[in-house]
Engineer: 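Have a look at this one.
Both backbone and side-chain heavy atoms feed into the values below; hydrogens, waters and symmetry mates do not.
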Amino acid sequence: MSKGVDEIFRRAKEGQPLFVERNALSPEYVPDRLPFRDEQAGAVAEVLAPVLHDSKPSNLLLYGKTGTGKTAVARYVISRLRKEAEIKQLATAYVNTRLANTEYRTLALFADALGLPQEKRIPFTGLAIGEVMDRIFEHIRLTEARVVLVLDEIDYLVKTFGDETLYKFTRSNERLSPGFVALVGISNDLKFKEGLDPRVLSSLSEEEIVFPPYTVDELREILTARAKTAFRPGVASPAAINLCAAIAGSEHGDARRAIDLLRIAGEVAEREGLREIDDTCIRRASDKMEHDRVEEALRSLPIQNKAILLAVSKFKSGTNTGELYLAYANICRRIGIEALTQRRVSGILAELDLLGLIEASVVSKGRRGRTKKIQLLIGSEALQKTLLEDAALASLE
DNA sequence: CCTCCACTGGAAACCTAGGCTC
DNA sequence: GAGCCTAGGTTTCCAGTGGAGG
């Protein structure tokens, strides 16, 4: 055991660090220049420019698939805007509505970004949505704040909670003058406008900018630029960068994935004590990303979902809802937790399906009824190993 | 063509944990 | 402290259903 540790330390000491600026490959990093996005950045800047003359800019929608640079462009332009702006009351906020997860928390994060005074702070639960809204508007009115609010993954907000909140935002500005709230919406979903109230739509999409996916060539150039700041010279060869760009490019030009891949490949190479990133590192990084994704998903599951998954893993060749429920109830008994109802278990199975951990499709077996056909999509050994790390399940050894 | 199984999945009610105001 | 609010997970109830076997 200790030999392995020593070995790792020895190698780490001998090998030179490959990174000089690891941050340049982190997801939050906003580079000085955004290659291939000059046009879009310029367009965003043009829309927001009126802020500099203290008037409210048009609301704006940014469209494009994941990893096409929407968020980066928005952040980039906002940071430049802050630099230029002489108005004291300028406030900018960025909220990712999917990460915020609920309407309430989206508003709470927005309020945080505005810096509401201590006694007006939004607690993480307990207030009516309307009350939160009132506090925010009240604050903006009192401080005469000029606010640019970026709502990332706005399609998620609308899809799950409706467009009520957006409607209120778009209608609030009369009351706030001379302050205002300008919205910058970011959406992955090109069709999300269809479900929107026409009044919201016309106000929200006063301006629209579309972000096309990156081509493999563009990805390559982006990676080359990032690699130059991130690594020592010679660490990331053109061939290595090509491969990263190709792997990510085959998944619809997602720059975020490409950058993650390169960073992780660099970490793999560093740990191995290599001088440069080779193909094997990249392949392993690619596997690791997939593996981490699954493991992370497993770990963060509630205990009931874990018990259900564990029950699924007992059936080598698939099972159905009724049979699974018995196995699950048995596990619950053994670890001493209350079993959920079959209705709920059925719902959780659908959630696990959505996460890509199992496949649960409805099949009809004629006289023998209708049920979900359930199949594990990941290795059952790895799954059990990860799940049994949970103290509550450990007694199943 | 009809039946009837073993569920599915929608709807509504309920519960808990948190926080508000008075 | 009472009585109100919310989010989010769960239970209860139940009408609905695809298709193999009759």
Side-chain angles (χ1 to χ4, degrees), chain A residues 95-112 114 116-139 151 153-154 156-169 195 297-312 314-315 317-333 335-355 357-376 390 392-393:
Chain A
V95 182
N96 182 314
T97 66
R98 193 172 52 79
L99 294 184
N101 205 1
T102 66
E103 202 171 7
Y104 186 93
R105 286 191 40 210
T106 302
L107 290 174
L109 287 173
F110 176 38
D112 275 357
L114 286 178
L116 263 60
Q118 196 62 42
E119 70 278 7
K120 290 282 175 189
R121 265 290 177 65
I122 309 294
F124 74 94
T125 173
L127 289 189
I129 293 259
E131 169 68 16
V132 178
M133 212 76 162
D134 287 347
R135 284 193 191 184
I136 291 173
F137 287 141
E138 183 66 9
H139 175 79
L151 286 175
E153 312 210 39
I154 196 172
Y156 175 84
L157 182 74
V158 172
K159 236 178 273 169
T160 10
F161 308 105
D163 48 16
E164 191 77 5
T165 309
L166 288 182
Y167 180 68
K168 289 197 179 127
F169 269 120
L298 287 181
R299 255 191 252 286
S300 58
L301 248 28
I303 180 67
Q304 295 287 3
N305 299 35
K306 287 182 180 174
I308 292 170
L309 261 184
L310 207 53
V312 176
K314 302 276 182 209
F315 298 94
S317 52
T319 178
N320 56 53
T321 308
E323 196 178 30
L324 173 80
Y325 186 72
L326 293 177
Y328 155 77
N330 192 26
I331 288 178
C332 286
R333 189 150 16 86
I335 63 173
I337 62 172
E338 198 95 1
L340 299 174
T341 55
Q342 184 162 320
R343 173 70 189 86
R344 182 67 190 127
V345 170
S346 174
I348 290 174
L349 287 172
E351 289 169 25
L352 294 174
D353 180 304
L354 220 60
L355 281 175
L357 297 173
I358 63 172
E359 190 190 333
S361 52
V362 182
V363 292
S364 179
K365 290 197 241 150
R367 256 266 142 91
R368 303 181 45 229
R370 248 175 135 226
T371 182
K372 280 196 176 93
K373 192 175 134 213
I374 300 155
Q375 193 103 43
L376 204 58
D390 190 312
L393 293 170

Engineer: Taking for each residue the nucleotide of DNA chain B with the nearest heavy atom, is it A350(A) or G369(A) whose nucleotide lies nearer the 5' end?
Structural biologist: G369(A)

Engineer: Quiz question: going by heavy-atom distance under 3.5 Å, is there a donor-acceptor pair between the base of dT3(B) and the side chain of R367(A)?
Structural biologist: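 For R367(A), whose side chain was compared with the base of dT3(B), there is a donor-acceptor pair (under 3.5 Å).
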
Engineer: I'd like to know whether L151(A) forms a side chain to side chain contact (heavy atoms under 4.5 Å, CB included) with T106(A), so could you lay out the CA-CA distance, the side-chain angles of the two residues, the decisive distance to 0.1 Å, and finally the verdict.
Structural biologist: CA-CA 9 Å; L151(A) 286 175; T106(A) 302; 4.1 Å; yes

Engineer: I348(A) CD1 to dG8(C) P: how many Å, rounded?
Structural biologist: 16 Å

Engineer: Measuring to OP1 and OP2 of dG9(B), would you say a side-chain N or O of K372(A) lies under 4.0 angstrom away?
Structural biologist: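 For K372(A), the contact criterion (side-chain N or O under 4.0 Å from OP1 or OP2 of dG9(B)) is met.
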
Engineer: How long is the line joining NZ of K373(A) and P of dT8(B), in whole Å?
Structural biologist: 14 Å

Engineer: For K365(A) and dC4(B), give me the distance from atom NZ to atom P, rounded to whole Å.
Structural biologist: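 Those two atoms, NZ and P, are 20 Å apart.
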
Engineer: Knowing that exactly one of V312(A), L309(A), L376(A) qualifies, which makes a side-chain contact (heavy atoms from CB on, under 4.5 Å) with L357(A)?
Structural biologist: L309(A)

Engineer: Should N96(A) and L109(A) count as side-chain neighbours, where that means a heavy-atom distance under 4.5 Å?
Structural biologist: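 No, their side chains stay 4.5 Å or more apart.
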
Engineer: Of the nucleotides dG18(C), dA7(C), dC7(B), which one has an atom closest to the side chain of S364(A)?
Structural biologist: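 The closest nucleotide is dG18(C).
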
Engineer: Any side-chain heavy atom of N330(A) sitting closer than 4.5 Å to one from R333(A)?
Structural biologist: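 Side-chain contact under 4.5 Å: yes.
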
Engineer: Below the 4.0 Å mark, does dT8(B) have OP1 or OP2 next to a side-chain nitrogen or oxygen of T321(A)?
Structural biologist: yes

Engineer: For L301(A) and dG9(C), give me the distance from atom CG to atom C1', rounded to whole Å.
Structural biologist: 14 Å

Engineer: Measure the distance from CD on Q342(A) to P on dG9(C) and round it to the nearest whole Å.
Structural biologist: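 The answer, rounded to whole Å, is 21 Å.
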
Engineer: Please check the phosphate of dT10(C) (OP1 and OP2 only) for any side-chain N or O of T341(A) closer than 4.0 Å.
Structural biologist: no

Engineer: Between dT11(C), dG10(B), dC7(B), spot the one nearest the side chain of R344(A), thanks.
Structural biologist: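 My answer, after comparing the listed nucleotides, is dT11(C).
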
Engineer: R343(A) CZ to dT12(C) C1': how many Å, rounded?
Structural biologist: 11 Å

Engineer: Please report the distance, rounded to the nearest Å, between CG in N320(A) and C1' in dA6(B).
Structural biologist: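 So the CG-C1' distance, N320(A) to dA6(B), works out to 9 Å.
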
Engineer: Whole angstroms only, please: what is the OH-P distance between Y325(A) and dT10(C)?
Structural biologist: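 Whole-Å distance recorded here is 12 Å.
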
Engineer: Do K372(A) and S346(A) have a side chain donor and acceptor closer than 3.5 Å?
Structural biologist: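 Present: a donor and an acceptor within the cut-off.
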
Engineer: Determine whether a donor-acceptor pair (one donor, one acceptor, N or O, separation below 3.5 Å) exists between the side chain of R368(A) and the base of dG18(C).
Structural biologist: no

